[in-house]
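First comes the structure, then the notes that go with it.
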Amino acid sequence: MTMPVRRTEGGRRRFSLRATALDCGLIALAVCILGFALRTAAAAAERRPVWMVILCLLAAACVPALRRGRRHVSAARTARRAAAALEAGTGTALEALQAPAAPAASLFVPHQAGPRDAGTAPAEGQEPTLVQPVDYDALDADEFEQAVAALCERDGCAGVEVVGGAGDLGADVLAVAPDGRRVVIQCKRYAEGHRVGSQDLQRFGGTCYTVHEADVAALVTTSDFTAPAVEYAAQCGILCLDRAALQAWSDGTGPAPWTVAEVTGEEFTC
């Protein structure tokens, strides 16, 4: 005997626990993917803001699809479409994060030729030296000494040595200028508000000529000098290169210390 089938009023579908659980699972998956995509997008936006705009456009494209889905598509199908769109956006963001960053542009520091450079010009056809820009604020004291020594080598000095450390007696960099004079440099890696004082100059002045037998003595700093320090340096013939003078020397727009001493042509003793 055939049993009659009870129909719900209005022809509505009967409640299905299995279909409801499937829909909830798909929605939960879409929410998880959305959270991961947002986190990845935030990381990508810090490095490449352009990709953030792309992700926003993808999200905007999903809104009409969701609205149409409410009318014509079941909840499960809408969730699958949203998950696919979010997966595509996540893949694009991951590719952007994994892409290698462009190498920093090298800066060619032109060397201004002068009388001291006779015979030191590079041979014809020789490639110019590429020097990376130096952020002196990012260097520690040892690295700053190495950077000053590199400037001496770049500008034609021979026998460049970094001798800073315990027992250096005030000398951090020793070199021989292109004209044969002995160059003694002390390096002070100070913060902007920490100025070089007269005591620093007095300690250096007591050894640069008598102990190290300098022909050119210079104190190079990333900061500035106090007025008493500048006065003492002028009396003893110590060249003071503050932050601006150091940057000009590094960029090739200012003179090297031994060039300044060559122009003055004066001899001092402390």
Side-chain angles (χ1 to χ4, degrees), residues 104-136 138-165 168-189 196 201 204-205 207-222 225 233-234 236-269:
S106 296
L107 172 67
F108 172 64
V109 180
H111 180 68
Q112 298 178 347
R116 64 184 176 89
D117 298 313
T120 62
E124 184 177 354
Q126 182 178 352
E127 292 293 331
T129 302
L130 293 177
V131 180
Q132 292 287 348
V134 179
D135 181 7
Y136 293 106
L139 306 180
D140 59 26
D142 294 335
E143 292 170 338
F144 180 54
E145 294 173 4
Q146 295 288 344
V148 172
L151 289 176
C152 294
E153 289 182 341
R154 183 200 71 181
D155 287 350
C157 286
V160 179
E161 296 180 76
V162 178
V163 296
D168 58 14
L169 297 177
D172 293 321
V173 177
L174 303 177
V176 178
D179 58 5
R181 289 178 299 164
R182 183 173 177 79
V183 179
V184 179
I185 300 176
Q186 186 177 71
C187 305
K188 292 295 184 184
R189 169 61 182 87
V196 179
L201 268 299
F204 181 49
T207 59
C208 61
Y209 293 113
T210 58
V211 176
H212 300 292
E213 300 179 345
D215 297 313
V216 178
L219 197 152
V220 181
T221 181
T222 53
F225 297 86
C236 295
I238 299 175
L239 301 173
C240 295
L241 275 74
D242 59 10
R243 184 183 186 88
L246 169 63
Q247 194 63 56
W249 179 22
S250 178
D251 294 342
T253 59
W258 53 90
T259 308
V260 177
E262 183 179 76
V263 171
T264 58
E266 299 181 7
E267 295 184 358
F268 301 86
T269 56

Worksheet item: Which atom pair, heavy atoms only, marks the closest approach of E145 to C187?
Response: CG-CB, 4.0 Å

Item to complete: Please tell me if the side chains of C236 and F204 come closer than 4.5 Å, counting only heavy atoms from C-beta onward.
Response: no

Fill in: With Q247 via side chain to side chain donor-acceptor pair (under 3.5 Å) - residues at least two apart
D251

Discussion item. Show the nearest heavy-atom pair for residues R181 and V216, with the distance to one decimal.
Written reply: NH1-CG2, 3.6 Å

Discussion item. Among L139, I185, L241, exactly one meets side-chain contact (heavy atoms from CB on, under 4.5 Å) together with V148. Which residue is that?
Written reply: I185

Discussion item. Please check: side-chain N/O of D215 versus main-chain N/O of R182, any donor-acceptor pairing under 3.5 Å?
Written reply: yes

Worksheet item: Are any non-hydrogen side-chain atoms of L246 and T222 less than 4.5 angstrom apart?
Response: yes

Discussion item. Which residues pass the salt bridge (Lys or Arg N to Asp or Glu O under 4.0 Å) test with R243, not counting sequence neighbours?
Written reply: D137

Fill in: Any residue meeting side chain to side chain contact (heavy atoms under 4.5 Å, CB included) with C157, in chain and number order, not counting sequence neighbours
C152, V160, A175, P178, W258

Discussion item. Using every non-hydrogen atom in the two residues, find where E143 and A138 come nearest and quote the distance to one decimal.
Written reply: OE1-O, 4.0 Å

Worksheet item: Is there side-chain contact between R189 and D140, with at least one heavy-atom pair below 4.5 Å?
Response: no

Discussion item. For a 4.5 angstrom cut-off between non-hydrogen side-chain atoms, does K188 reach F225?
Written reply: no

Discussion item. If you define the side chain from C-beta out and look only at heavy atoms, does anything of L174 sit under 4.5 Å from V184?
Written reply: yes

Practice prompt. Flag the pair L201 / I238 as yes when at least one side-chain heavy-atom distance between them is below 4.5 Å, and no otherwise.
Written response: yes

Worksheet item: Does H212 use its side chain to pair, donor to acceptor, with the backbone of G170 at less than 3.5 Å?
Response: no

Fill in: S250 side, atom OG; D155 side, atom CG - distance, nearest 0.5 Å
9.5 Å

